[in-house]
Amino acid sequence: MKKYVIRGGKPLEGEVRISGGKNAAVAIIPATLLVNGVCIVENVPAVNDVILLTKIMSELGAKVSFLDKTTLRVDATEIHTCSAVSELVRKMRASYYLIGVLLGRFGKACVGLPGGCDFGVRPIDYHIRGFEALGSTVTIEHGIVNAVAENGLKGASMSLDFPSVGATINIMMAAVLAEGTTIIENAGKEPHIVDIANFLNAMGAEIRGAGTDTIKIKGVKELHGGRYEIIPDQIEAGTYMVMAAAVGGRIKVSNVIPKHLESISAKLEEIGVTVEEDDDFIVVSREPGTVMNKVNVKTLPYPGFPTDMQPQMSTLLCLAKGTSIVTEGIYEHRFRYVDELRRMGAKMDVDGRVCVITGIEKFSGASVCACDLRAGVSLVIAGLCADGMTEITNVHLIERGYEDIIEKLKGLGASIGVVDDEENLSQQVSGTTAG
Ligand code: EPZ
């Protein structure tokens, strides 16, 4: 069983380069199936979810290959099935995009219900209602979604009950080849929604308004191949910013779009952390031992504070002076990681969507287990701050969304290593033997 071993207490110094956006990549990569030709996608993060998607797409008949570590070539000319029901499909949430792209290009899709992080019921009813509004019939039997548009998809106007990221993207992708115009009201505005719209427009789609709450998609006959570069991952960037604040030190987070990080930068400054912005990098610093102010946080759709940064921010607030309140505005149960932080000395009380956090001096190292992607990386943050050694298991969940996290942290001076099994226990944690 692979685990991370961390010796805490070392301030972080140096520069970390942010990879391409995981949530942009897991939508843009399936979107290449809409194209009757070859797409070259650059700045693809080398993370497990991307690898999984490429395997699923190959099973559909797409010719998928990496030209280098972060450049993907997809030739979707010869897709020989619209059925994606293998075990792989259930391993991630983004599998639902296969429904939108297969339905959009071929008028039918047979896809296993998605999996993904477990923090509450995560239905896809908004997606399905959107596909039905476009003229398809959708049924779910034996855990498989069957969508068929006998007469092809027809543009329609619709309004989402909630600005769902996935539903906005999925309906947009299904609509690009539909006959007529589609209007999505109350659409999500996340940066990766804009990124997918830009990718599709680069391939010949006619999408306007992405990034606002009203998106208009004028159906076109066909999409052509081309080249596109994915935006940097704002959640990976925010995670390293919070790490620097929690552990102390000074780091340069490079290859970012500061505008995408505004809510995170603002909250860090409110806490008393120094944040200096430039065109494509941000410097975050805090003198170790300086007091951090308690703050209240509520997660909201973009441009509000992102839910995918809630575990990381809550971990940081464990070290602030006083009592902070974190409200999870998106999911019913996104505090499952609190039990693991309590093992490290955290003082956190959860009541449904609200977590009351009382500041402590420092975390104490312990053996803990990641329960999902962002919860897992929050345990890394706590381990980097903790007194003594921390061991984290279930780290494959962290590697779903953080490219080269061990190398990047070592580059910032962290004392962290990976232990694959007890036998090859080695002095991977610089300066110490993992306990
Ligand atoms: C995307 O999930 C991200 N995943 C999530 O990131 C992220 O937390 C979420 O957006 C919000 O930003 C991917 O992009 C692969 P939603 P998604 O549809 O699309 C409810 C990570 O850590 N809902 O905006 O599933 C839903 O239950 C992951 O990178 C419905 O009720 O998010 C949730 O309460 C975790 N019916 C809320 O809406 C639907 O049909 C927001 O979900 C769809 C969603």
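Basis for what follows: all heavy atoms, side chains included, without hydrogens, waters or symmetry-related copies. Keep in mind that this is a model prediction, so the values were computed, not measured. Each residue takes its place number in the sequence, starting with 1. First listed ligand is number 1; within each ligand, the first listed atom is number 1.
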>> Could you walk me through whether Glu15 and Ser254 satisfy the side-chain hydrogen bond (donor to acceptor under 3.5 Å, both in side chains) test, starting with their C-alpha distance in whole Å, then the side-chain angles of each, then the deciding distance to 0.1 Å, before giving a yes or no?
In response: CA-CA 7 Å; Glu15 177 173 355; Ser254 57; 2.8 Å; yes
> Does NZ or CZ of Lys189 come closer than 6.0 Å to the centre of the six-membered ring of Tyr302, within 45° of the ring's axis?
Replying inline: no
> Looking only at N/O atoms, are Val165 and ligand 1 under 3.5 Å apart anywhere?
Replying inline: yes
> For ligand 1, does Ile330 get within less than 4.0 Å through its side chain, its backbone, both, or neither, judged by non-hydrogen atoms?
Replying inline: both
>> Ignoring hydrogens, what is the shortest heavy-atom contact between Leu412 and Gly14? Give both atom names and the distance.
In response: CD2-C, 3.6 Å
> Are the charged groups of Asp404 and Lys69 less than 4.0 angstrom apart, N to O?
Replying inline: yes
> What are the atoms of ligand 1, with element, lying closer than 4.0 Å to any heavy atom of Asp125?
Replying inline: 30 (C), 31 (O), 36 (N), 39 (C), 40 (O)
>> Counting only heavy atoms closer than 4.0 Å, does ligand 1 sit against the backbone of Tyr126, its side chain, both, or neither?
In response: both
> Quick one: which of Ala375, Pro123, Ala167, Gly166 has a heavy atom closest to atom 44 (C) of ligand 1?
Replying inline: Pro123
>> Less than 4.0 angstrom from a charged side-chain N to a carboxylate O is my criterion; do Glu78 and Lys63 meet it?
In response: no
> If we only count N/O pairs under 3.5 Å, is Glu190 in contact with ligand 1?
Replying inline: no
>> Within the 4.0 Å heavy-atom shell around Phe162, which atoms of ligand 1 are there?
In response: 37 (C), 38 (O), 41 (C)
> Taking it one step at a time, do Tyr331 and Thr307 satisfy side-chain hydrogen bond (donor to acceptor under 3.5 Å, both in side chains)?
Replying inline: CA-CA 8 Å; Tyr331 293 106; Thr307 176; 5.8 Å; no
> Do Lys410 and Glu407 meet the salt-bridge criterion of a basic N to acidic O distance under 4.0 Å?
Replying inline: no
> Which bit of Arg93 is near ligand 1, meaning a heavy atom under 4.0 Å away: side chain, backbone, both or neither?
Replying inline: side chain
> Looking at Lys22 and Asp233, does any basic side-chain N land under 4.0 Å from a carboxylate oxygen?
Replying inline: no
> What atoms in ligand 1 come closer than 4.0 Å to a heavy atom of Tyr96?
Replying inline: 2 (O), 17 (P), 19 (O), 25 (O)
> Should you measure from each heavy atom of Arg374, which atoms of ligand 1 turn up under 4.0 Å away?
Replying inline: 21 (C), 22 (O), 29 (O)
> Heavy-atom contact under 4.0 Å between Arg400 and ligand 1?
Replying inline: no
> Which ligand 1 atoms, with their elements, are less than 4.0 angstrom from a heavy-atom of Tyr331?
Replying inline: 2 (O), 5 (C), 7 (C), 8 (O), 9 (C), 11 (C), 32 (O), 33 (C), 34 (O)
> Of Gln310, Arg353, Glu328, Arg334, which is the lone residue that meets side chain to side chain donor-acceptor pair (under 3.5 Å) with Thr299?
Replying inline: Glu328
> Under 4.0 Å from any heavy atom of Ile124, which atoms of ligand 1 are there?
Replying inline: 39 (C), 40 (O)
> Does Lys22 reach ligand 1 with a nitrogen or oxygen that is under 3.5 Å from one of the ligand's nitrogen or oxygen atoms?
Replying inline: yes
> Evaluating non-hydrogen atoms only, which member of Ile235, Asp308, Val26, Ile193 is closest to atom 7 (C) of ligand 1?
Replying inline: Asp308
> In terms of side-chain geometry, is the basic nitrogen of Lys3 or Glu391 positioned less than 4.0 Å from the acidic oxygen of its partner?
Replying inline: yes
>> Considering both backbone and side-chain atoms of Ser164, is one of its nitrogen or oxygen atoms within less than 3.5 Å of a nitrogen or oxygen in ligand 1?
In response: yes
>> Please determine whether any non-hydrogen atom of Tyr302 lies less than 4.0 Å from an atom of ligand 1.
In response: no
> Can you tell which part of Arg334 has a heavy atom less than 4.0 Å from ligand 1: side chain, backbone, both or neither?
Replying inline: side chain
> Would you call Arg129-Asp161 a salt bridge at under 4.0 Å N-O?
Replying inline: yes
